[in-house]
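Below, each value reflects all heavy atoms present in this structure, side chains not excepted, and no hydrogens, waters or symmetry copies. Below, read A as the first sequence line, B as the second, and so on, with proteins coming before strands; counting in each chain starts at 1.
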Amino acid sequence: DVVMTQTPPSLSVAIGQSVSISCKSSQSLVHSDGKTYLNWLLQNPGQSPKRLIYQVSNLGSGVPDRFSGTGSEKDFTLKISRVEAEDLGVYHCVQATHVPYTFGAGTKLELK
Amino acid sequence: VQLVESGGGLVQPGKSLKLSCSASGFTFSSYGMHWIRQAPGKGLEWDAYISSSSGTVYADAVKGRFTISRDNAKNTLYLQLNSLKSEDTAIYYCARGKTGVDYWGQGVMVTVSS
């Protein structure tokens with residue numbers, strides 16, 4: 001199975017600050033169709049996950065453009081510019097290139 | 001898009017349970033669907049996927065014990081959980097899409113305990 005290593009496990013931030021979260025995979029996430037199926041999810045406290053970014057860098061519907069995703073092959077980054085209160089929660093990366101789909105352990109974003 | 005899970009509860013080890021996910025707001029028959037779980041205080045773990053044409057794939061941990069199925073006429077996804085173990089205790093989410101997994105339900109709690 002592909003191991004997704006997500007760091008840091010937690011972040012303490014002030015509103016308006018920018019932060020980055022890293023996700024590294026144990027195998028290349030480039031699919032045989034040429035696409036890279038690496039998604040980022042946000043799980044606000046007590047809620048179900050919601051998709052932020054798909055295929056490395058594409059914003060999901062309704063997701064503000066202060067979120068951005070970059071990366072390739074095995075190394076990926078989620079950046080949040082100008083953190084807002086609604087951004088607090090746990091961020092998960094997930095690879096959907098290889099079966100079984102696998103998730104990072106999560107990064108908890110908290111207020112400083 | 002709305003996904004609403006049901007059927008969870010407290011069940012003894014070795015027993016069975018069937019979860020349902022009622023879908024609305026989109027053409028259910030056109031989408032692959034997943035079941036994904038989250039143990040209390042833990043991360044997310046993928047369990048099973050069913051394609052729009054009802055092809056299925058499972059995680060090794062549930063293969064032979066869980067069965068994913070769908071009824072397109074009822075816009076409903078199912079997960080039959082058999083031979084339940086304490087480590088199956090989790091919130092179970094249904095989610096839409098093959099690689100994009102764009103919408104998630106609110107989840108249903110399954111507790112396996114004697």
Practice task
Check the pair A:Thr107 / A:Thr7 against side-chain contact (heavy atoms from CB on, under 4.5 Å), numbers first and verdict last.
Solution key: CA-CA 7 Å; A:Thr107 295; A:Thr7 55; over 6 Å; no
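- Residues of residues 62-80 of chain B lying under 4.5 angstrom from chain A, judged on non-hydrogen atoms, do not exist here.
- The residue among A:Pro49, A:Ala105, A:Ser61, A:Gly106 with the most heavy atom pairs within less than 4.5 Å of chain B is A:Pro49.
- In this structure, A:His92 and A:Phe103 have perpendicular ring planes: the angle between them is above 60°, well past the 30° mark.
- Side chain of A:Gln6 to backbone of A:Cys93: a donor-acceptor contact under 3.5 angstrom is found.
- Atom CG of residue A:Leu78 and atom OG of residue A:Ser57 lie 11.5 Å apart, to the nearest 0.5 angstrom.
- Heavy-atom neighbours of chain A within the stretch residues 9-43 of chain B, taken at a separation under 4.5 angstrom, comprise B:His34, B:Ile36, B:Gln38.
- For a residue to count as touching a neighbouring chain, one of its non-hydrogen atoms must lie under 4.5 Å from one of that chain's; by this rule A:Gln95 does not touch chain B.
- Remark: the A:Glu110 side chain and the A:Ser12 side chain contain no N/O donor-acceptor pair separated by less than 3.5 Å.
- Using a 4.0 Å cut-off between charged nitrogen and carboxylate oxygen, A:Glu86 and A:Arg66 count as a salt-bridge pair.
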Exercise for the section: Check the pair A:Val30 / A:Thr97 against side-chain contact (heavy atoms from CB on, under 4.5 Å), numbers first and verdict last. Expected result: CA-CA 7 Å; A:Val30 180; A:Thr97 295; over 6 Å; no
With a cut-off of 3.5 Å and sequence neighbours excluded, list every side-chain donor-acceptor pair involving residues 107-114 of chain B.
none

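- Side-chain N or O atoms of A:Asn58 include one that pairs as donor or acceptor with a backbone N or O of A:Tyr54 at under 3.5 Å.
- In terms of heavy-atom pairs under 4.5 Å with chain A, the best-connected choice from B:Tyr49, B:Trp46, B:Tyr58 is B:Trp46.
- Using a 4.5 Å cut-off between heavy atoms, A:Leu52 makes no contact with chain B at all.
- Only one option out of A:His98, A:Glu73, A:Lys74 pairs with A:Ser28 in a side-chain hydrogen bond (donor to acceptor under 3.5 Å, both in side chains); it is A:Glu73.
- When A:His31, A:Gln43, A:Lys35, A:Gln55 are compared by the number of non-hydrogen pairs under 4.5 Å with chain B, A:Gln43 comes out ahead.
- A side-chain donor-acceptor contact under 3.5 Å links B:Glu5 to the backbone of B:Gln106.
- Looking at A:Tyr101, both its backbone and its side chain come within 4.5 Å of chain B, counting heavy atoms on both sides.
- Listed in order of number, the residues of residues 85-105 of chain B that approach chain A to under 4.5 Å between heavy atoms are B:Tyr93, B:Lys98, B:Thr99, B:Gly100, B:Val101, B:Asp102, B:Trp104, B:Gly105.
- In terms of modelled atom types and a separation under 3.5 Å, the side chain of A:Ser10 and the main chain of A:Lys108 share no donor-acceptor contact.
- In the hydrophobic cluster analysis, where Ile, Leu, Val, Met, Phe, Trp and Tyr join through side-chain heavy atoms closer than 4.5 angstrom, B:Leu44 is grouped apart from A:Met4.
- Checking side-chain atoms of B:Ser51 against main-chain N and O of B:Ser54 turns up a donor-acceptor pair under 3.5 Å.
- In this structure, CG on A:Leu11 lies 6.0 Å from CD1 on A:Ile21, to the nearest 0.5 angstrom.
- With hydrogens and angles disregarded, no donor-acceptor distance shorter than 3.5 Å links the side chain of A:Gln47 to the backbone of A:Asn44.
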